[in-house]
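So that the names make sense, note that chain A is the first sequence line, chain B the second, and so on, each numbered from 1. FYI, side chains are in, hydrogens and waters are out, and symmetry mates aren't considered; it's all heavy atoms of this structure. These figures come from a predicted structure and were not determined experimentally.
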Protein chains: 2
Amino acid sequence: MTVSDVIHAHFATLTRAEKQLAASLLDNYPVSGLGSITTVAENAGVSTPTVARMVQKLGFRGFPDFQARLHHELEATLSSPISKHDRWAANAPGTHILNRFADAIMNNLRQTLSQVETAEFNGASALLADRQRSIYIIGGRITKALADYLFTHLQVIRPHVTQIASNPSSWPHYVLNMKAGDVLVIFDIRRYEQEMETLGRIARERGVEIVLFTDQWASPVAKVAAKVFRVHIEAPSAWDSSVVTLFIVEALIEAVQSSGWEETSDRMKTLEGLFEASRLFRKPRPEVSGKS
Amino acid sequence: MTVSDVIHAHFATLTRAEKQLAASLLDNYPVSGLGSITTVAENAGVSTPTVARMVQKLGFRGFPDFQARLHHELEATLSSPISKHDRWAANAPGTHILNRFADAIMNNLRQTLSQVETAEFNGASALLADRQRSIYIIGGRITKALADYLFTHLQVIRPHVTQIASNPSSWPHYVLNMKAGDVLVIFDIRRYEQEMETLGRIARERGVEIVLFTDQWASPVAKVAAKVFRVHIEAPSAWDSSVVTLFIVEALIEAVQSSGWEETSDRMKTLEGLFEASRLFRKPRPEVSGKS
DNA sequence: GGTCCAATGAAAAAATCTCTTCAAAAAAAC
DNA sequence: GTTTTTTTGAAGAGATTTTTTCATTGGACC
């Protein structure tokens with residue numbers, strides 16, 4: 001049982017300052033636990049007694065004992081012939097799904113980023129940041145969650161953001177409102193949905209700028225899109241991975257956000273206020289009753 | 001220049017006892033240098049003054065300085081294979097948001113994986129794979145998209161999967177249907193929503209097993225959860241990152257899927273058929289008309 | 001063999017670290 | 001809102017570690 005295991009096992013029973021310390025120890029484990037008790041305490045932002053107390057609570061005879069255990073672990077880790085650094089989840093076998101997935105994601109991320117044009121990214125970010133343009137967002141069956149995520153954030157950052165319902169029969173109503181210069185963000189990953197292409201074409205005809213998130217094989221919508229992100233989505237799974245797509249989405253959100261921070265900041269404060277107000281409307285303790 | 005390099009560089013000028021000490025340090029480097037000066041001296045079979053003298057001879061300000069250098073090296077070694085990727089998007093400047101984000105995500109991934117218990121992961125996967133148990137999934141304002149993603153996939157993989165609407169007033173209806181042994185997946189990332197804790201507690205009281213996705217500071221729901229994933233969510237942004245959470249979700253989906261591949265495969269084929277059939281019901285070319 | 005000098009470790013001094021006590025602050029319970 | 005309990009860090013006592021001092025050893029050179 002490693003020190004890390006011990007910390008995890010006791011985590012629930014730790015107090016606030018101790019949790020803070022535990023987090024600091026696990027963060028950059030095990031190096032963060034190597035200095036003197038004073039250093040460890042300072043790094044974690046707690047007092048030395050907290051450190052002394054916690055290691056005893058964890059079952060060690062004292063800080064020196066705790067540290068000796070760390071040294072032994074480190075020795076074991078470092079001296080193993082093929083040192084375990086190439087493993088992600090150190091405590092899982094190399095073939096565990098977590099490690100295989102991590103490898104795949106790393107590859108996807110590296111390949112995607114080596115191909116993405118900074119200009120493309122900046123251009124897309126500028127389109128989404130432009131308050132003159134209305135934004136429409138749509139995703140497919142699987143990518144709906146990503147569209148939803150982008151929508152939830154953009155909605156806070158700026159006005160005039162609309163999420164398009166997945167049901168194609170409702171689309172004409174949205175297209176009706178789009179004007180030239182508006183932006184349509186489409187998520188279309190393989191098993192390309194044919195209606196997407198139609199939607200993209202028609203929007204383009206009306207002068208709408210299209211930002212497309214797709215996979216490396218590129219959805220047919222790419223033909224009419226102003227900005228295209230070709231994301232690598234392979235995973236050791238029957239399903240494609242959306243992790244890297246979400247990565248790009250988040251980076252884009254940040255780019256849009258920072259381009260108009262003043263305004264966004266105001267909007268977020270107002271939103272806080274609204275949340276607060278809506279809380280006041282509720283009953284003090286909203287019981288979720290389980291009685292049958 | 002590493003400590004090891006320094007020792008080698010000075011090796012010729014060392015005295016007998018110092019050579020003995022140097023050999024001891026290089027043997028099983030760098031762990032042998034981690035203990036107190038007393039321990040190091042004992043292991044090498046020399047006196048403590050020899051150690052103190054030599055490290056000064058090597059150019060360090062004293063034994064603590066020497067040891068601090070070792071710690072830094074260790075830190076770099078332990079994290080390097082993964083994070084030393086200095087630039088992700090080769091064609092973007094190192095400070096471009098894409099590169100800064102990539103660094104942050106890699107850190108999150110590394111730290112999260114080093115902390116996630118394989119047993120915890122396998123346990124959660126087993127819970128979700130058990131066809132005897134019904135699955136309920138709920139997310140907060142931001143994490144709704146993740147809950148949605150998990151739901152969309154699990155729904156294909158197995159029966160009895162329900163997504164809980166975000167409106168707390170509808171929750172009692174869901175709880176009413178939960179029976180002991182059922183599984184409730186909760187996404188609760190900071191700005192923990194208080195109602196989540198209530199929901200978790202009540203579900204737990206009814207014997208429901210809770211799987212929680214939260215951040216490194218742990219939502220209060222953790223107290224009643226059977227399995228907890230504490231994901232690192234830091235990003236160079238005003239928002240938290242959900243990328244690593246999605247990563248875990250996808251790995252979990254794959255784990256659940258592969259545990260019952262036979263059945264899932266059948267279900268997916270049936271689903272294909274249903275998609276096909278539903279297409280036939282529609283008009284041949286569903287025009288998305290833009291006429292106003 | 002004798003002298004000298006660098007090298008070494010015992011021992012003490014100085015510095016630092018670890019742990020305990022205790023009072024204040026925070027949280028929880030009432 | 002008050003009381004009780006728990007948590008927390010400042011301060012200091014005690015232990016340990018690091019450094020320095022210094023006497024001894026062992027080898028080099030005459």
It should be established whether [X] places a side-chain nitrogen or oxygen under 4.0 Å from OP1 or OP2 of nucleotide [N].
{"X": "A/S36", "N": "C/dC17", "value": "yes"}
{"X": "A/T50", "N": "D/dT7", "value": "no"}
{"X": "A/Q56", "N": "C/dT20", "value": "yes"}

Could you state the [atom1]-[atom2] distance from [X] to [N], rounded to the nearest angstrom?
{"X": "B/Q67", "N": "C/dA15", "atom1": "CD", "atom2": "P", "value": "20 Å"}
{"X": "B/D65", "N": "D/dT19", "atom1": "CG", "atom2": "P", "value": "9 Å"}
{"X": "B/K223", "N": "C/dA28", "atom1": "NZ", "atom2": "P", "value": "8 Å"}
{"X": "A/F63", "N": "C/dT16", "atom1": "CZ", "atom2": "C1'", "value": "13 Å"}
{"X": "A/R61", "N": "C/dT18", "atom1": "CZ", "atom2": "P", "value": "15 Å"}
{"X": "B/K19", "N": "C/dA7", "atom1": "NZ", "atom2": "P", "value": "11 Å"}
{"X": "A/L14", "N": "D/dT8", "atom1": "CG", "atom2": "P", "value": "10 Å"}
{"X": "B/K57", "N": "D/dT18", "atom1": "NZ", "atom2": "P", "value": "20 Å"}

Counting heavy atoms from C-beta on, name the nucleotide in [options] closest to the side chain of [X].
{"X": "A/T38", "options": "C/dT8, D/dT19, C/dC17", "result": "C/dC17"}
{"X": "B/P49", "options": "D/dT19, D/dT8, C/dA10", "result": "C/dA10"}
{"X": "B/I37", "options": "D/dT19, C/dC19, D/dT8", "result": "D/dT19"}
{"X": "B/A52", "options": "D/dT8, D/dT20, D/dG9", "result": "D/dT20"}

Considering only heavy atoms from C-beta outward, does the side chain of B/S242 approach that of B/L146 to under 4.5 Å?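 A side-chain contact under 4.5 Å exists here.
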
Evaluate the ring planes of B/F101 and A/F247, with Trp represented by its six-membered ring, and classify them as parallel (under 30°), tilted (30 to 60°) or perpendicular (over 60°).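 Ring orientation of B/F101 relative to A/F247: perpendicular.
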
Do we see a donor-acceptor contact under 3.5 Å between the side chains of [X] and [Y]?
{"X": "B/S47", "Y": "B/T50", "value": "yes"}
{"X": "A/E250", "Y": "A/Y149", "value": "yes"}
{"X": "A/H96", "Y": "B/N122", "value": "yes"}

Applying a 4.0 Å non-hydrogen cut-off, can you work out what B/R53 is touching in the nucleic acid: base, sugar-phosphate, or nothing?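 Counting heavy atoms under 4.0 Å across all strands, the contact made by B/R53 includes a base.
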
